> 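Quick one: the structure is below, questions incoming.
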Amino acid sequence: MKKKSGIHTIDVLFPLIFILFFCLCALLVVLQGARIYEETALGLQENYTVRTAVSYLKEKIRECGSDSEMEILDLEGRQVLVIREEIKGERYGTYIYLEEGKLKELYIKDSNFSGLCGGQPLVELDSFSASVAGENIVLFEVGRKGQTESVYIRLEG
């Protein structure tokens with residue numbers, strides 16, 4: 001008697017379908033991991049931007065000398081932190097404000113000040129506010145894409 005030793009279609013089709021299914025699952029896992037990584041990286045970038053702005057504001061306040069004056073003004077429809085100092089008999093002002101989604105700094109001699117134009121962009125932000133929270137304490141609130149940070153800074157002197 002002769003045995004029929006043919007290969008059935010299912011013998012080829014089953015391993016092929018199994019390998020394709022495995023590859024599809026592996027591809028879906030890699031794509032999901034890439035999406036999660038991208039979201040995490042964007043969140044870290046926003047957090048970095050907000051923390052950079054807060055660190056910048058802390059340093060600006062801390063570097064003020066005892067003869068510096070700090071005030072919060074409303075200029076041209078926006079809230080502006082102004083730090084004034086005298087250098088060799090001349091008065092200078094540092095203006096920190098939010099314009100077009102960017103925190104900006106303008107350092108200029110008081111006698112040359114003609115408005116908040118030409119400020120140097122620092123970081124991108126959606127919100128910036130400064131307020132006096134108590135005697136010698138200033139509250140800064142900055143935000144970007146839902147990530148917000150508030151910081152209280154004690155003024156020296």
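The structure displayed is predicted, hence computed values, not measured ones.
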> Could you go through the side-chain contact (heavy atoms from CB on, under 4.5 Å) check for Phe140 and Ile96 one step at a time?
CA-CA 12 Å; Phe140 291 106; Ile96 300 171; over 6 Å; no

> Using a cut-off of 6.0 Å, state whether more than 12 heavy atoms not belonging to Glu39 lie near its atom CD.
yes

> Are Met70 and Val151 connected in the hydrophobic side-chain network, where two residues link if heavy atoms are under 4.5 Å apart?
yes

> To check you understand the geometry: which heavy-atom pair defines the closest contact between Ser127 and Leu98, and what is its length?
CA-CD2, 3.8 Å

> Testing the basics here: between Ser150 and Leu139, what is the closest heavy-atom pair and its distance to 0.1 Å?
CB-CD1, 4.1 Å

> Quick one: which of Thr49, Leu125, Val142 gives a side-chain contact (heavy atoms from CB on, under 4.5 Å) with Leu103?
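Going through Thr49, Leu125, Val142 one by one, the side-chain contact (heavy atoms from CB on, under 4.5 Å) with Leu103 is satisfied by Leu125 alone.
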
> Measuring from atom CD of Gln147 to atom CG of Leu42, what distance do you get when rounded to the nearest 0.5 angstrom?
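Answer for the CD-CG pair, Gln147 versus Leu42, is 12.5 Å.
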
> Hey, does Leu75 have a side-chain heavy atom less than 4.5 Å from the side chain of Phe113?
yes

> List for me each residue that meets side-chain hydrogen bond (donor to acceptor under 3.5 Å, both in side chains) alongside Gln79, sequence neighbours excluded, and say none if there are none.
none

> If you draw a 6.0 Å radius around OH in Tyr107, do more than 12 non-hydrogen atoms from other residues or ligands fall strictly inside?
yes

> Output all residues satisfying salt bridge (charged side-chain N to carboxylate O under 4.0 Å, His left out) with Glu141, sequence neighbours left out; order by chain, then residue number.
none

> Got a sec, which residues hit side-chain hydrogen bond (donor to acceptor under 3.5 Å, both in side chains) with Glu124, two or more places apart in sequence or on another chain?
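Testing Glu124 for side-chain hydrogen bond (donor to acceptor under 3.5 Å, both in side chains), a comparison that skips the adjacent residues, returns Arg144.
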
> Are Ile61 and Leu106 connected in a single hydrophobic cluster, I mean Ile/Leu/Val/Met/Phe/Trp/Tyr linked by side-chain heavy atoms less than 4.5 Å apart?
no

> How long is the straight-line distance from CD of Glu63 back to CD1 of Ile83, given to the nearest 0.5 Å?
7.0 Å

> Answer with yes or no whether the hydrophobic clustering places Leu122 together with Val138; edges join I, L, V, M, F, W, Y residues whose side-chain heavy atoms lie under 4.5 Å apart.
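Hydrophobic grouping puts Leu122 with Val138.
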
> Once rounded to the nearest 0.5 Å, what's the spacing between atom CZ of Arg35 and atom OG1 of Thr40?
9.5 Å

> Roughly how far, to the nearest 0.5 Å, is CD of Glu85 from CG of Asp110?
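Output value for this atom pair is 10.0 Å.
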
> Do any pairs count as a ring-ring contact (aromatic ring centres under 6.0 Å, His included) and have a residue in residues 117-137, sequence neighbours left out, and if so which ones?
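Of all non-adjacent pairs touching residues 117-137, none passes ring-ring contact (aromatic ring centres under 6.0 Å, His included).
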
> For Val123 versus Ala53, what's the shortest heavy-atom pair and its separation?
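Smallest interatomic distance, heavy atoms only, reads CG2-CB, 3.7 Å.
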
> Using the rule that Ile, Leu, Val, Met, Phe, Trp and Tyr join whenever any side-chain heavy atoms are under 4.5 Å apart, tell me whether Ile153 and Val50 fall into a single cluster.
yes

> For the side chain of Asp126 and the backbone of Gly143, is there at least one donor-acceptor N/O pair under 3.5 Å apart?
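No; zero donor-acceptor contacts below 3.5 Å.
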
> From Leu116 CG over to Ile108 CD1, what is the distance, rounded to the nearest 0.5 angstrom?
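One finds 10.0 Å between CG of Leu116 and CD1 of Ile108.
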
> So, taking the atom named OG1 in Thr52 and the one named CG in Leu57, what distance separates them when rounded to the nearest 0.5 Å?
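Those atoms lie 11.0 Å apart.
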
> What verdict does the side chain to side chain donor-acceptor pair (under 3.5 Å) test give for Glu76 and Tyr97, after you've listed the backbone C-alpha separation in whole Å, the side-chain angles of each residue and the deciding distance to 0.1 Å?
CA-CA 11 Å; Glu76 300 176 12; Tyr97 57 97; over 6 Å; no

> Please check if the number of heavy atoms outside Lys102 that lie under 6.0 Å from its NZ is greater than 12.
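Incorrect, the count does not exceed 12.
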
> Do any pairs count as a ring-ring contact (aromatic ring centres under 6.0 Å, His included) and have a residue in residues 22-41, sequence neighbours left out, and if so which ones?
none

> Of all residues at least two apart in sequence or in a different chain, which pass the side-chain hydrogen bond (donor to acceptor under 3.5 Å, both in side chains) check with Glu100?
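Applying side-chain hydrogen bond (donor to acceptor under 3.5 Å, both in side chains) to Glu100 gives none.
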
